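Right, one structure below, let's go through it.
As the structure is a computational prediction, the values presented were derived from the model and not from experiment. Nothing fancy with the numbering, it's 1 onward along the sequence.
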Amino acid sequence: MRMTLELTTAEARRLWADFLRRLDWANRELGADDRAEARAEAAAHMREAMGDAQADDEVDRLLAAIAEFGDPPAPPPVWLKPAAVIGHYLSIMVIGVTGLIVLVFAHMAIMEIINPAGVGLWIYPNDSALTLSYEAQPGADEILGAGFIPVMLAVCAILSGAIYGLWRFALSPRGPVARWMKP
C-alpha cells in the first residue's frame, strides 16, 4: 500500500518531508512494510484532514492536519551519534583503569592486615607528596595508621559506585548512550 500526498508549494513539501522523517524515526523499530503502511495511513489522514481544514493556504492546512495527527518526536541531532560512540569507547577505557585502581587499593587493604608495619600511606616531613607503599618508608611518617583499611575500603566502594554509574550511563544496553547510538 503506497500512498503519497501531492503538495504544490515548496514549503508544504518541506514540512511533509520533515513529518515523514520524524514518522520514520518514531517507527524505526518496525519492519519496512509496517513503516510503509504507517506512511500511507499518515498520508491518507493528512489528505482527509487537509480537505476538512478551513485555511486557504496549503501550508496552513498541512500544519493543521499535522497538529490534528500529532507531531512525531524529532530524531536526535546528527552530532549525537558520533559523540555517543566516542563516549562509549572512552568509558570502556576509564572503567578499565578505574577497576585496576580499585583492585590495587583492595589488595593494599588486605596486605595491611598481613603486614601492618609496612603497608600504608606515607609522607616525608619536607614533602607534600603522598606515597602508597607495601614497605615502610625510612624517614617518612605513616598518615592513616589503623584507619588505612577503612579508608581504602571506602575509596574502593566509592570508585566501584562510580564505575557502576558510568556503566549504567555509557555501556548499559538500556542506558542513554546506547539509545543515542541506535540508528
Side-chain angles (χ1 to χ4, degrees), residues 14-15 17-35 38-39 66-67 69-183:
R14 186 194 62 77
L15 285 171
D18 182 58
F19 174 83
L20 289 177
R21 181 177 58 86
R22 289 169 177 248
L23 185 66
D24 285 344
W25 188 80
N27 295 329
R28 67 190 175 280
E29 297 190 13
L30 298 177
D33 293 339
D34 292 335
R35 276 196 313 272
R39 281 176 147 237
I66 289 173
F69 184 83
D71 203 10
V78 175
W79 59 266
L80 193 57
K81 184 174 181 177
V85 170
I86 290 168
H88 179 81
Y89 288 107
L90 187 61
S91 296
I92 291 171
M93 291 186 295
V94 169
I95 286 173
V97 170
T98 308
L100 289 175
I101 292 170
V102 167
L103 288 175
V104 167
F105 287 170
H107 185 260
M108 289 194 83
I110 292 168
M111 290 304 295
E112 173 74 6
I113 296 169
I114 297 169
N115 182 13
V119 178
L121 184 63
W122 306 87
I123 187 164
Y124 288 94
N126 297 329
D127 197 2
S128 61
L130 299 174
T131 304
L132 272 172
S133 178
Y134 286 102
E135 298 176 354
Q137 301 294 307
D141 298 323
E142 187 175 7
I143 294 177
L144 296 173
F148 183 80
I149 293 174
V151 168
M152 285 297 115
L153 293 178
V155 169
C156 288
I158 290 168
L159 289 176
S160 296
I163 287 172
Y164 177 71
L166 184 58
W167 177 82
R168 288 283 305 209
F169 178 76
L171 300 178
S172 170
R174 294 186 179 166
V177 174
R179 285 194 307 269
W180 298 336
M181 290 172 65
K182 288 182 182 174

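At least one side-chain heavy atom of L130 sits less than 4.5 Å from a side-chain heavy atom of I143. Annotation: side chain of V177 is not in contact with side chain of L171 (no heavy-atom distance under 4.5 Å). Using a 4.5 Å cut-off on side-chain heavy atoms (C-beta onward), L121 and T131 make no contact. Between L153 and F105 the shortest side-chain heavy-atom distance does not fall below 4.5 Å.
Taking both residues in full, the closest heavy atoms of L20 and R39 are given as CB-NH2, 3.5 Å, listed atom of the first, atom of the second, then distance. Between M152 and L132 the shortest heavy-atom distance is CE-CD2, 4.5 Å. The shortest non-hydrogen separation linking A38 to N27 is CB-ND2, 3.6 Å. Shortest non-hydrogen contact noted between S172 and A178 is O-CB, 3.4 Å. Summarising the geometry of G139 relative to P125, their closest heavy-atom pair is O-CD, 3.1 Å, with the distance given to 0.1 Å.
Other residues, nucleotides and ligands contribute more than 12 heavy atoms inside 6.0 Å of the CD atom of Q137. Remark: D127 CG is packed, more than 12 non-hydrogen atoms of other residues, nucleotides or ligands lying under 6.0 Å away.
Looking at D24 and R21, no side-chain N of the basic residue comes within less than 4.0 Å of a carboxylate O on the acidic one, giving no salt bridge.
To the nearest 0.5 angstrom, I66 atom CD1 is 10.5 Å from L23 atom CG. Rounding to the nearest 0.5 angstrom, the gap separating the CD1 atom in I123 from the OG atom in S128 is 6.5 Å. The line from CG of D18 to CZ of R14 is 6.5 Å long, rounded to the nearest 0.5 Å.
Evaluation of the ring-ring contact (aromatic ring centres under 6.0 Å, His included) rule for Y124 yields no partner, not counting sequence neighbours. Under the ring-ring contact (aromatic ring centres under 6.0 Å, His included) criterion, F148 pairs with no residue, sequence neighbours left out. Listed by chain and residue number, nothing satisfies the side chain to side chain contact (heavy atoms under 4.5 Å, CB included) test with P82 (two or more places apart in sequence, or in another chain).
For the pair R28 and W25, the cation-pi criterion (under 6.0 Å, within 45° of the ring axis) is fulfilled.
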Using residues 162-170 as the side-chain source, report each donor-acceptor pair under 3.5 Å to any protein atom, sequence neighbours left out, with the distance given to one decimal.
none

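For residues 139-160, there are no side-chain hydrogen bond (donor to acceptor under 3.5 Å, both in side chains) pairs, not counting sequence neighbours. Residue pairs that meet the side-chain hydrogen bond (donor to acceptor under 3.5 Å, both in side chains) test with at least one member in residues 103-122, sequence neighbours left out, are H107-Y134.
Side-chain atoms of R22 come within 3.5 Å of backbone N or O of P72 as a donor-acceptor pair.
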